[in-house]
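Start at 1 with the first residue, then count along the sequence.
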Amino acid sequence: MSEPSLGFPGKLVSPDAGINQTKPIDIRPLCILTLDGGIPGTTESSQLVIIKQIFHDLQNRLEEEADAAVLAQIRPCDVFDYIAGSGMGGVFAILFESFNYTVEEALDFYCKLHERVFLSSHWKTKNKDETRKLLEDTLFNLLPRETLDSALVKRNKNPKCRALTCASNPDNIACPRLFRTYHSRQLKSPECSVLDALMLSIVDNDHLESYQLGQPAEDFSGSGHRFSNPAAQVLREIHAMEGNDRLLSCIVTIGAGHPGLLKDEQLDAIVRDCEREASELGSRFTGTEQIFFRLNVQQGLQVPLERLGQIATQAHQYLSSTEVGTVLNDLTNQLYERPGMLSISTLVAFVQDVSYSEKKEMHQDIKHIRNTQDTSILGLLEVSKDARHDSAVAYKVQRRGCTVNTRIGILQQIESWARSVQYPLESSLFWIYGLAGTGKTTIMQSICEILDAAGFLASSYFCSTQLDSKESKRIFPTIARHLARHNSTFAQHLASKLRDDPECAHAMLPVQFRELLCNPWHAACTNGLEISQCVVVIDALDECDSNHGDEILRLILDAIKNDQLQGLKFLVASRPVPAIVERAFEMKLGPQIALHEVSKMEVYSDVGRFLNEQLSGKLDQAHILELTDRADGLFIFASTLVKHLLPPEFLSQPERAKRFEKILSPIRQGKKFGLDDLYKQVLNGALSPGGPQNDDFECRWRILQAVACTAEPTSAQVIARLLDGITVDDVMAVVKSLHSVLFVATFEDPIYVVHASFQEFVTSQTDRPLKCNLSSIHATLAKSCLLHAQEHLRFNICDIKCSFTPDEELDPPIRVIGPLLAYVCQYWWSHYKQSNPKAQKAMLGSIHRLIKEKGLFWIEAMSLLGHA
């Protein structure tokens, strides 16, 4: 199974996503981690403390960008493409790759190894035979035997991370051997098990006899002093593996202590060697601080080495310094943004001896590239955090791709178009359109995963009326930002434009499109951009605000026809709304698929396959066939039906049969039973278990209307505060009873409508008891917003101690202001505008009072929220 993407720019989906399961992750710029060696059982725990801080900062950055907790803990193998180490650093590299350890798991392993082996009498008395047995027994006790006995090289594995460690033959210590977890035709590794590699990394002449490996047996005795810092060796390895054109993002090299701080003379000699290597390599990267990062505890390691707590304390003290804090902040940005800083060929020239003039020219080139990736410049772009196909929101609402072996013909047709090199100019845009519920978004999710794994996906933008991605002003800035991450040449021209004219980032759509996309892309092509398959995916174009979908389509098509976007392809999906259809046919659009016109036999087969996968064993085959027929080719019908019949809470077989009969009964009577009828049945069961006259019905219906009418998805807490007489438990009860059409994780998380068709169904009801008076609901929400704003807005809402404190140094405003007041400040006017005239007139006094008494405080809050 492939692991889900964590949703930050540097992270691709796993390589087995999609149809083609053989493509490696060979597109993203490389991030490299190297770990110095030393005498095992000494100061290497400081390395893990440093790595732990790096990942703590990166996790926080992810959560800030997602505006929510990131559920998955980041592991080193998720972030670094190569992890190399010497000595215990090699052990850590293998733990991170072969065992997929988190930093905390590696720390726990090291503490137990330190206690059981390095502090044992066998280790201290240097009884080599007993020490070897103790070490092997401890490794088998702490780690899974199955993995330890397996081969180090995974020949059939397509790794997202590669690890290597090194060891030397006592008779030839100048030429260390590299032991890899990955297969290479060009570079041969001695065959060994994972256990062998761990033992080779820990072995040293002082405590263990040399370790024998292979037939005939070859002796190994550690990495040798000269190769305790493996950084330069690893860079040459990467050149051999990756070739000249792959881009590098950063090199992180972590020491095991600073020379002159250690009592052990042998250890101090090794550390001096490591630091000399690091200093020499670092000098070659002078002026390129955003590429080469060296971290090494500089004082305090003179403590007895059995006292791990004090070593950790000194490491934390080192990390808390202002200078190191700046380095960590730069490193976090680099790992998050993952820009391509220089090519492997340039990297090799840095490692090798080059002339001063050549080196100076390279430094100038790298500074120029780094400037184009300046996050403060690209930060001017008002992007959508929810738009990517692998965003945190997509993960939360469990957006999924197509069921295996469904939509095969459509997916293959799109993939073939994306991969084609020779194609007519007018074929640069592929349009998928279909009625609500025909599976457009599911297809687009699948194709994004396929193209991303193949390296063709330059940008993905999923519009949604519930998210910030509905705002048309964010579409072109977001796509431009994605393209900048995908291609450094384009980034250079985009950054140059933003420096010259920062206002263009917030201009009208035609200006944004011209200045942020067309002109930089055309300039990049003119100045040597290598054209390859680059696909921009836009889903649900019809869900853009202010009906701008047709204008966006016109701008893209005009640019394609004028050859301003050479080499860039667009895959667009939408409903066949009149404005977009008219625009598409007027401009003679290229390849297209009308999902509602696909062969009924093919669609019925795919829907049936989905229902079989979900309901097999729970309903008999005859019933599944009846439901397939009733779905009438609508995937949203099938999906909603499955969730209705299989709620997350336990449902007895009789209750499930009762629900099933309610659905089939009108069908058997020859009555129409479409998607709206299914929604009505879902609502009746959830809102009125005792019938429409039940006392709870009006309360539950009011809650659902509020959920459907909020300006953005908001939490049960906020909904309850906006409606008089409603509790959080009331809201959560409604949401849980409507699990097939609504989604929420906890009462503090936003409530999402699973499909836009349900939101439209709720807001369009005109017959009692399900009658939705939109203007009345908006009037209720507007009055409540004004009341809460009047009550809670105040001077210095964030309790800032100094008025000179920049906004960016404050805690996230949403946490200080609170989700209720944040919603109220942003959307009271939106609800007021959609209220009926009588209610608007009645609210004028409240608005006048708010502006007069709290107007400045409202402006302050909006500024902190980034809306003023």
Does the [X] side chain pair with the main chain of [Y], one donor and one acceptor, at a distance under 3.5 Å?
X      : Y      : answer
Thr403 : Thr406 : no
Thr763 : Gln759 : yes
Gln512 : Lys473 : yes
Asp452 : Cys448 : no
Ser784 : Thr780 : no
Ser835 : Ala779 : yes
Ser776 : Asn773 : no
Gln681 : Asp677 : no
Ser737 : Val734 : yes
Tyr461 : Ile479 : no

Any non-hydrogen side-chain atom of [X] less than 4.5 Å from a side-chain atom of [Y]?
X      : Y      : answer
Leu615 : Val642 : yes
Lys783 : Trp828 : no
Thr640 : Leu678 : yes
Phe462 : Ile538 : no
Arg474 : Val383 : no
Leu704 : Leu742 : yes
Ile432 : Asp539 : no
Thr478 : Leu381 : no

Have [X] and [Y] got a donor and an acceptor in their side chains that come within less than 3.5 Å?
X      : Y      : value
Gln466 : Asp386 : no
Asp545 : Ser472 : yes
Asp468 : Ser384 : yes

Is the shortest distance from a Lys or Arg side-chain nitrogen in Arg575 or Glu760 to a carboxylate oxygen in the other one below 4.0 Å?
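Between Glu760 and Arg575 there is a salt bridge, with a charged N closer than 4.0 Å to a carboxylate O.
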Go through Arg400 and Glu613 one step at a time and tell me if the salt bridge (charged side-chain N to carboxylate O under 4.0 Å, His left out) criterion holds.
CA-CA 14 Å; Arg400 53 174 286 173; Glu613 180 190 80; 3.8 Å; yes
Phe758 and Tyr679: aromatic ring centres closer than 6.0 Å?
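Yes, ring centres under 6.0 Å apart.
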Value rounded to 0.5 Å, distance of CD1 in Ile817 from CG in Leu865
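Rounded to the nearest 0.5 Å, the CD1-CG separation comes to 4.0 Å.
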Pairwise distance OG(Ser757) to CG(Leu435) - rounded to 0.5 angstrom:
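Result: 11.5 Å between the selected atoms.
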Between His792 and His788, how do the two ring planes meet: parallel, tilted or perpendicular, split at 30° and 60°?
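Correct class here is parallel.
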Go through the steps to decide whether Glu543 and Lys440 satisfy the test salt bridge (charged side-chain N to carboxylate O under 4.0 Å, His left out), and finish with yes or no.
CA-CA 13 Å; Glu543 294 192 27; Lys440 298 182 295 296; over 6 Å; no
